[in-house]
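Bear in mind that the values here come from a model prediction, so they are computed numbers and not experimental data. One-based numbering, in listed order, for ligands and for the atoms of each. We use all heavy atoms of the structure for the numbers below, so side chains are in, but hydrogens, waters and symmetry mates are not.
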Amino acid sequence: MIIAIDGPSASGKSTTAKGVAKFFGILHLDTGAMYRAITLEYLKYLDISYDSQDFIDLVKEIEINFNRDNQITLNGLCVEQDIRKQDVTSKVSEVSSISIVRKKMVEKQREIARNIDCVIEGRDIGSVVFPNAEFKFYLDAKAEIRAARRLKELTNQDKSVTLDDLITQIKRRDFLDTNRKISPLIRTKEATIIDTSSMSVDEQIEQIVKIINNK
Ligand code: DC
């Protein structure tokens, strides 16, 4: 069983997907973390262009996995904290729009979820990665509310960022994620839309669990 949860950044996907996976005792796969990990690696080599052989090699050689605690690893090292930092967040929409990056990540996502039950969250799960997923959800919320959620999550290092900065950043990422040529963020017609603007995490999890159990 594949449960696909798509939606824009900070719409509540991660916490909800985690909760739903825990309820059913199945794997939670955070595909955004994978795009963040490859961006973290790219930040070390900002002088290489996306169409260069060096970039192709970087993508080819990179090893992105999840450890036993379901934390993301980059070339064998846990990068769960580093991938949430502002420099990664500012660059990730750009890196994730590159076709060789998407090809590699989608292959890996299909490999991880092959033959197992899994809650997978991202932007293109119900549309591209698992178009035949048994359950598809699309979570959304107003940009201002999503930015306020992000502000709460910021680490001490990122405390100089204001709510207005985050609203601007979220709207920019929404634009890039929705308008890119390959696998843009879209609501598939089969997806159940959940507006999380005034919902608690528990309510979001409950609503999804209820829909699944009713089928
Ligand atoms: O869910 P998130 O904010 O951690 O995702 C980070 C970025 O990764 C997001 O701006 C777009 C990209 N992404 C993507 O292109 N496709 C996915 N399936 C998941 C994330």
Exercise. Answer with yes or no whether the hydrophobic clustering places Ile83 together with Val92; edges join I, L, V, M, F, W, Y residues whose side-chain heavy atoms lie under 4.5 Å apart.
Key: yes
Show me the side-chain donor-acceptor pairs of residues 202-215 shorter than 3.5 Å, one per line, residues at least two apart or across chains.
residue: Glu203; atom: OE1; partner: Ser200; partner atom: N; Å: 2.8
residue: Gln204; atom: NE2; partner: Thr16; partner atom: OG1; Å: 2.7
residue: Asn214; atom: ND2; partner: Lys210; partner atom: O; Å: 3.4

Exercise. Taking atom types as modelled, find out whether Thr73 and Asn67 have a side-chain donor-acceptor pair closer than 3.5 angstrom.
Key: no
Quiz item: Do Phe55 and Tyr45 have their ring centres less than 6.0 Å from each other?
Solution: no
Self-check item: Heavy-atom closest pair, residues Gly7 and Lys13
Solution: O-NZ, 3.1 Å
Quiz item: If you draw a 6.0 Å radius around NZ in Lys171, do more than 12 non-hydrogen atoms from other residues or ligands fall strictly inside?
Solution: no
Practice problem: Non-hydrogen atoms closer than 4.0 Å to ligand 1: which protein residues do they belong to? List them by chain and number, please. | Solution: Ser9, Lys13, Thr31, Gly32, Tyr35, Arg36, Val92, Ser93, Ser96, Arg102, Gly122, Arg123, Asp124, Arg150, Arg173, Asp177, Arg180
